[in-house]
Amino acid sequence: MSADGDGAGLHCLVTGATGYIGGRLVPELLVSGHRVRCLARSPGKLRDHPWAGQAEVVRGDVTDGVSVAEAMRGVDVAYYLVHALGTGRDFEETDRRAARAFGKAAREAGVRRIVYLGGLTPSGVPESELSPHLRSRAEVGRILRSCGVPTIELRAAVVIGSGSVSFEMLRYLTERLPVMITPSWVRTRIQPVAVRDVLRCLVGSADMPADVNRAFDIGGPDVLTYRDMMLRYAAVAGLPRRVIVPVPVLTPGLSSHWVGLVTPVPASIARPLTESLRHEVVCHEHDIARYVPDGPGHPIGFDEAVRLALQRVRDAQVTTRWSSASVPGAPSDPLPTDPDWAGGSLYTDRRELVVDASREALWRVIEGIGGDNGWYSFPLAWAVRGRLDRLVGGVGLRRGRRDAARLRTGDSLDFWRVEEIEPGRLLRLRAEMRLPGLAWLEMSADTDDQGRTRYRQRALFHPHGLLGHAYWWSVSPFHSVVFGGMARNIALTASRTP
């Protein structure tokens, strides 16, 4: 994929393009007349985005100085939209190392500006008392601003937009719990910001004067407690008024498990979010308006931001979600396709059926799998597996789908991720649940030499060590029910599809 190369606008490098903000920023930059290059560890994840043919995509990682330096060539503005949250206890060191490598590469490549999206920090609170998440975001901002390249650091608190992790957490807590006993952080004052305003400020920062090298707070016009946000969300969504009883006993750890139990957000991601809500996060200034003027209706108020996000959800127009980025620690190895693969054991469960339906009807069922449609076999077994995954820190089944009918490469799908999709023919999913090995589920729609529609299904597992082998043999007795039932029910559903 390559850019148009017409020289119009600025040449922008976007890191984190497979994530929530980055995936939305790229088309905004393109619409503004800029050329865009995306740096991605897995470029294939961007292949099916609507803007893919208009942007250049290069392979690389922000922790790899060589690939970053190569990606910086000819770039005017470099967007830093990544962080190592959730990658382990040493994520702060990973963030630190990546920011230094990025700043050094930008300086040596002659980049004119860096734009970084960080987190809003509380006033008057020593940095040592901040959550590790906020402390690391603040340190990254300082590293970039001191690297020798003029840097704009935009600091935001809770981002409200369809598919954002903050919005999903708020939505599920409010919709699923008409009465809730909540931790004390629901009384903390917060200044949320609409994702549209975040994108507006990110795009506008590209044209800042060369002498501007500083942080800007960005937020909406409303300062609310989390309790206020839940009550106002309920009002906008047309729900009965919620009863919220704050108590002082839920620690950040317990809070994260509570959030993980009720919402699709796993505890590993919920914890840093809830820890960051211990302190008031309110903007100290609105200086960004001097350089990126507030147009009519901006910044967007909380109620309007919720209304816009809900409309996107209801219209199935959620372009990116919080789960768009890969889960930290999840396997990324591609499916071994060599028939003589020498990587060790590869267990396979195969199913094949003739389907009394058109190939198109069968494909619609395959592409619609997961989320609200479920997995077409033994729902209790899938629910238990999802619950067990969440108990050990995995993502579980609650991530659902970005779109109810269509999938694209890189989409999260419950505790799977779309590794490959060939519309009308093949869907390959890679497991992101906690497993002692790597796993894939492959479904395809074909026509045989007699003109009949055939459904083919493969579940593959590459065990890691003795535990991996033991896992496969312990669950294999259930495969006829789980995988066999899935194949039969998919075929049956396709045959009943008009």
Side-chain angles (χ1 to χ4, degrees), residues 20 85 119-125 129-134 137 155-195 197-198 217-237 239-284 299-310 313 322:
Y20 178 72
L85 176 66
L120 189 58
T121 54
S123 175
V125 178
E129 295 181 14
L130 297 179
S131 70
H133 166 56
L134 278 183
R137 302 301 289 273
R155 301 192 295 197
V158 170
V159 177
I160 302 297
S162 61
S164 78
V165 65
S166 297
F167 177 73
E168 292 291 281
M169 193 169 101
L170 174 68
R171 178 163 77 104
Y172 279 87
L173 286 175
T174 308
E175 291 186 354
R176 290 184 172 176
L177 298 176
V179 178
M180 58 188 114
I181 297 174
T182 58
S184 58
W185 50 256
V186 299
R187 297 193 185 101
T188 302
R189 295 203 316 154
I190 305 162
Q191 191 162 353
V193 59
V195 68
D197 282 318
V198 174
D217 294 349
I218 57 173
D222 302 303
V223 177
L224 308 164
T225 65
Y226 206 90
R227 179 181 182 277
D228 294 334
M229 289 167 60
M230 288 190 285
L231 293 174
R232 288 174 66 163
Y233 175 95
V236 174
L239 301 172
R241 182 178 175 83
R242 273 27 195 165
V243 177
I244 302 170
V245 183
V247 294
V249 294
L250 289 182
T251 65
L254 288 174
S255 294
S256 65
H257 287 294
W258 171 63
V259 171
L261 184 66
V262 178
T263 80
V265 182
S268 59
I269 295 177
R271 177 157 189 159
L273 294 177
T274 55
E275 284 181 335
S276 299
L277 295 175
R278 288 181 301 168
H279 301 292
E280 181 177 280
V281 277
V282 175
C283 295
H284 316 309
I300 297 170
F302 176 80
D303 291 357
E304 177 65 7
V306 168
R307 188 192 67 76
L308 290 168
L310 283 174
V313 171
W322 64 273

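Quantities reported herein were computed from a predicted structural model and do not represent experimental measurements. Count residues from 1 along the sequence.
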For [X] versus [Y], what's the shortest heavy-atom pair and its separation?
{"X": "Gly161", "Y": "Ala309", "value": "C-CB, 3.8 Å"}
{"X": "Pro299", "Y": "Pro221", "value": "O-CD, 3.7 Å"}
{"X": "Leu120", "Y": "Cys283", "value": "CD2-N, 3.8 Å"}

Do [X] side-chain atoms and [Y] backbone N/O form a donor-acceptor pair below 3.5 Å?
{"X": "Arg242", "Y": "Met180", "answer": "no"}
{"X": "Asp197", "Y": "Ile300", "answer": "yes"}
{"X": "Thr174", "Y": "Tyr233", "answer": "no"}

Min side-chain heavy-atom separation [X]-[Y] under 4.5 Å:
{"X": "Arg171", "Y": "Leu310", "result": "yes"}
{"X": "Val158", "Y": "Ser164", "result": "no"}
{"X": "Val306", "Y": "Arg232", "result": "no"}

[atom2] on [Y] to [atom1] on [X], rounded to 0.5 Å:
{"X": "Leu170", "Y": "Ile160", "atom1": "CG", "atom2": "CD1", "result": "5.5 Å"}
{"X": "Leu239", "Y": "Arg241", "atom1": "CG", "atom2": "CZ", "result": "13.0 Å"}
{"X": "Arg155", "Y": "Thr121", "atom1": "CZ", "atom2": "OG1", "result": "4.5 Å"}
{"X": "Met229", "Y": "Asp303", "atom1": "CE", "atom2": "CG", "result": "11.0 Å"}
{"X": "Leu224", "Y": "Thr188", "atom1": "CG", "atom2": "OG1", "result": "12.5 Å"}

Audit row: Tyr20, Val165, side-chain contact (heavy atoms from CB on, under 4.5 Å) steps and yes/no: CA-CA 9 Å; Tyr20 178 72; Val165 65; over 6 Å; no
Residues that Ser131 engages under side chain to side chain contact (heavy atoms under 4.5 Å, CB included), provided they are two or more places apart: His133, Leu134, Glu275, Ser276, Arg278
Side chain to side chain contact (heavy atoms under 4.5 Å, CB included) involving Arg189 - partner list, sequence neighbours excluded: Val223, Thr225, Glu280, Val282
side-chain contact (heavy atoms from CB on, under 4.5 Å) evaluation trace for Phe167 with Val195: CA-CA 10 Å; Phe167 177 73; Val195 68; over 6 Å; no
Which residues share a side chain to side chain donor-acceptor pair (under 3.5 Å) with Gln191, sequence neighbours left out: none
